[in-house]
Student: 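I'd like to ask some things about the structure below.
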Amino acid sequence: MLATIGLQHYLILSALIFSLGVLCMATKRNAIGILIGVELVLNSANINLVGFSKYQTGKGDGQIFAVFVILLAAAEAALAIAIFMNFYNNVRTIDVDRGDELRG
Amino acid sequence: MPQSMLASMWMPSAEELSQLAPLFALVATIVALLLAAMFTNRNRNVAASIVTLGAIGTGLLAWKRLQSGAPSWAGFDPNGMGPMLISDTFSQFFIVLACVFMLVVTAMWWLGQKSDLPDSEVHRMDATEFFVLFVGSAFGMSLMVSTTNLLMIILAVEMASLPSYGITAFRKKNRVAAEASMKYVLFGAITSAIMIYGASLLYGYYQTLDLATIGMKIAADMQAGATTGTLFLSVAVFAFMVGIAFKVSAVPFHFWCPDVFQGASIEVTTWLSVASKAAGLGLMLRVLSVIICAPSAFPVEAFKYVSLAIAIMAALTCTVGNLAAYRQMNLKRLLAYSSIAHAGYMLMAVAILWSPTDAGIGAAHPAFSAIVSYIIVYLLMNAGAFFVVAMVYWSTGSESITAMNGLIRRSPMLAVCMAIILFSLVGMPPLGGFMAKFYLLMAVWKGGLYWLVVIAVLNTLISLYYYARIVRAMILTDDGLPEISAPMSGQLIVAMCTIGIILTGVLLGPMKEIANNNASNLYAVVKSDVAPRTASAAGPSAATPNTENADTAPTIP
């Protein structure tokens, strides 16, 4: 039997995706993998925002926030991938563990 | 209600827009840069001139607002959801500082592109892109200090960060720069994602994006002795603060700082070392003061733990910064750790923001005036120190501490200035660095965090060693390196910074007065303007926050 979908469901989904994102950021050694983890966390924030906006405030502000976050994620990904390309051109890999020239 | 929102589209009035003239001037600078690149075949001198004019214009606009004593303004408030942008002495002060520093960095670019190092090649070729990103990050930092809205804070932090990643990666063929920018973008993306998640939780719990309203609701909850959701709230606040701590490079979010400072070209390092930190501190002060000062009668006890957390972070930040600077051979990296340590000192004053003062309402909270004077002196010291390092670099191609060997013979003027600047960074009397640190530690002492003062003094002693190491290299070690051909204008800027440092140290009275004046205005803004405004705006929801929160607080599984 199907229960009505409420705020809790949004929050549980969001918490799950957030945990997956953090796990991904912590374990991946490939720069793109880490970026995917970042996107997961951003999307979990979006689910939060949209859910809270629908079930709690009733105003549109949370959904507008989510639109801006999507935009930010796109801008960030574009810039990050350009920087990874640059790293690849110099080091021939995007394994973050190979970025070990700067330390101490 | 969504329907009414659509029915009456909100439009800002011309008068409202004129309040934001400095911000518009920065955006106009970016547009002018792009158009000029199109029409002048990407002429680098035109680009640099536009940035110079833009910085002067923006600085004058902000300065005029600062001097005119115009009442602080908070606006862009459709549907009474709280103001999106704020223009007051606090924001104008930081915009003026940013513009002054933009001029310093532009001057450094101008001199640097004349050298025949590989960096300069990039700077000559891609001047337009460099300056667009540079002014973009300045715009983001100006936004960071002009808002109390969660959405605008996030946008401002990203606006400041994204161009900074770009200009860090600017030396495309350089492996170290590529690595530094990759670390920067990854750290930045991770912390800002967590910050946005924290913001979404805060929004959900308090159902508003306006920080002042959030502050009042927190206070009302605490007065009512509400304990539900405390864990939820602390997770949200902590996650939100991660993003700001990243910008200030507070331990444990400081790892990007030395790598980026070493990898980026020296103009970018100079810019990030002061502007990014000042903007981060400005945002932190704004956020915390709005949350704390909004309620009229709040229990101070409740904020003790937050204060303690920030105090511990400050102590760790300056200790880690100073200890790690010990064994650095690269000058930029050494100065990076030194800037982490200085961020730690400034955070100490943030920690006493909670302590009540006997100065009374409307008078300056010592934390504000301490940080204001510290930032002014810090800007002078870092501008001078990085300019000397830059001129040594242009002339020798080396950023190692050994490049400074025998500087007293190779360029006596630079060596003397650098020695004064370094002793000021340590905090030796009678220099500006000492006065600034003295005010700051006095404030912390009066705020009751005695152990923090002890840690700061110990740290000062530690820091003496590594700053003195540079002085020793300049004066005592001489391995016959050729003389430095430092450009006159560069020497002039260094000299001006040095004189500024001496003056801020010697003119004890005026310095204190300026800081107090600025800070009392800042505090008046926070205390009397923001709180009542939102009190009326938040209206009924503020009157019965407890029942409302009890009804609607999400139950966290």
Side-chain angles (χ1 to χ4, degrees), chain A residues 7-8 11-12 14-15 18 21-22 25 31 34-35 37-42 44-53 55-62 64-66 68-69 71-73 75-84 86-91 94 96 98-104, chain B residues 1-2 5-6 79 81-82 150-151 154-155 158-159 161-163 165-166 168-169 172-186 188-190 192-201 203-205 207-209 258-260 262-263 324 327-330 333 552 554-557:
Chain A
L7 182 58
Q8 260 95 340
L11 294 184
I12 293 169
S14 154
F18 177 77
V22 170
M25 295 191 300
I34 298 176
L35 196 63
V38 171
E39 301 288 322
L40 283 177
V41 171
L42 287 176
S44 73
N46 278 345
I47 295 172
N48 262 349
L49 287 168
V50 173
F52 283 134
S53 174
Y55 288 95
Q56 296 225 311
T57 65
K59 296 179 197 158
D61 46 1
I64 294 169
F65 200 143
F68 274 107
V69 173
L71 181 144
L72 282 177
E76 205 162 55
L79 192 74
I81 288 173
I83 287 174
F84 298 161
N86 184 35
F87 186 74
Y88 183 82
N89 284 340
N90 281 285
V91 193
I94 49 168
V96 288
R98 289 288 304 282
D100 53 0
E101 216 156 84
L102 293 166
R103 51 173 57 209
Chain B
M1 290 298 113
M5 262 171 72
L6 287 173
N79 311 310
M81 292 197 286
L150 283 178
L151 171 58
I154 302 284
L155 286 181
E158 294 288 330
M159 184 73 219
S161 297
L162 291 183
Y165 308 150
T168 306
K172 284 194 283 277
K173 301 263 167 61
N174 187 314
R175 189 203 179 287
V176 176
E179 183 184 327
S181 60
M182 188 164 87
K183 285 180 176 169
Y184 196 13
V185 76
L186 283 176
I190 291 170
S192 69
I194 291 174
M195 183 187 188
I196 292 173
Y197 189 77
S200 80
L201 292 182
Y203 164 72
Y205 197 72
Q207 294 146 42
T208 175
L209 290 173
D259 291 353
V260 168
Q262 187 180 349
R327 55 203 155 80
Q328 298 310 325
M329 288 309 287
N330 183 299
R333 202 174 178 84
T552 50
T555 41
I556 300 306

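Residue numbers start from 1 in every chain, and the chains themselves are labelled A, B, ... in the order their sequence lines are given, proteins ahead of strands. Every value quoted in this text rests on a predicted model; they were computed, and no experiment measured them.
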Student: Sort out for me which of B:L201, B:T208, B:I194, B:L155 touches chain A most, counting heavy-atom pairs under 4.5 Å.
Tutor: B:L155
Student: Is any side-chain heavy atom of B:L186 less than 4.5 Å from a side-chain heavy atom of A:F84?
Tutor: yes
Student: Are B:K172 and A:N89 side-chain neighbours, meaning at least one heavy-atom pair lies under 4.5 Å?
Tutor: no
Student: Please flag which part of A:N46 lies under 4.5 Å from any non-hydrogen atom of chain B: side chain, backbone, both or neither.
Tutor: neither
Student: Might you work through the side-chain contact (heavy atoms from CB on, under 4.5 Å) test for B:S200 and A:F65, ending with a clear yes or no?
Tutor: CA-CA 9 Å; B:S200 80; A:F65 200 143; over 6 Å; no
Student: A:A31 and B:M182: which non-hydrogen atoms are nearest, and at how many Å?
Tutor: CB-SD, 4.1 Å
Student: If you look at every heavy atom in A:N86 and B:A169, which pair is closest and at what distance?
Tutor: ND2-O, 3.8 Å
Student: Counting heavy-atom pairs under 4.5 Å with chain B, which one of A:A73, A:A66, A:G62 comes out on top?
Tutor: A:G62
Student: Mind checking the NZ-CZ spacing from B:K183 to A:F87? Nearest 0.5 Å is all I need.
Tutor: 8.5 Å
Student: Work out which heavy atom in A:A75 is nearest to a heavy atom in B:L162; give both atom names and the distance.
Tutor: CB-CD1, 3.9 Å
Student: Quick one: CG on A:L79 to CD on B:E158, what's the gap to the nearest 0.5 Å?
Tutor: 10.5 Å
Student: Highest number of heavy-atom pairs under 4.5 Å with chain B: which of A:I94, A:V41, A:I83?
Tutor: A:I83
Student: Should B:L151 and A:D61 count as side-chain neighbours, where that means a heavy-atom distance under 4.5 Å?
Tutor: no
Student: Please state whether the side chain, the backbone, both or neither of B:N330 comes within less than 4.5 Å of a heavy atom of chain A.
Tutor: neither
Student: Do you know which of A:L35, A:L72, A:L71, A:L40 has the most heavy-atom pairs with chain B at a distance under 4.5 angstrom?
Tutor: A:L72
Student: Which bit of B:A199 comes within less than 4.5 Å of chain A, counting heavy atoms only: side chain, backbone, both or neither?
Tutor: side chain
Student: Considering residues, nucleotides and ligands other than A:Y55, do more than 12 of their heavy atoms fall under 6.0 Å from its OH?
Tutor: yes
Student: Can you tell me how far OG of A:S53 sits from CG of B:L209, rounded to the nearest 0.5 angstrom?
Tutor: 9.0 Å
Student: Evaluate the side-chain proximity of B:Y203 to A:N48: yes if any heavy-atom separation is below 4.5 Å, no if none is.
Tutor: no
Student: Please name all residues satisfying ring-ring contact (aromatic ring centres under 6.0 Å, His included) with B:Y165, sequence neighbours left out, ordered by chain then number.
Tutor: B:Y184
Student: My understanding is that only residues two or more places apart in sequence, or in another chain, count here; which of them pass salt bridge (charged side-chain N to carboxylate O under 4.0 Å, His left out) with B:R175?
Tutor: A:E101, B:E179
Student: Shortest non-hydrogen contact from B:A189 to A:V38?
Tutor: O-CG1, 3.7 Å
Student: Using non-hydrogen atoms only, which part of A:V96 is less than 4.5 Å away from chain B: side chain, backbone, both, or neither?
Tutor: both
Student: Once rounded to the nearest 0.5 Å, what's the spacing between atom CD1 of B:I196 and atom CG of A:L49?
Tutor: 9.0 Å
Student: Give the minimum heavy-atom separation between B:R333 and A:R103, together with the two atoms involved.
Tutor: NH2-C, 3.3 Å
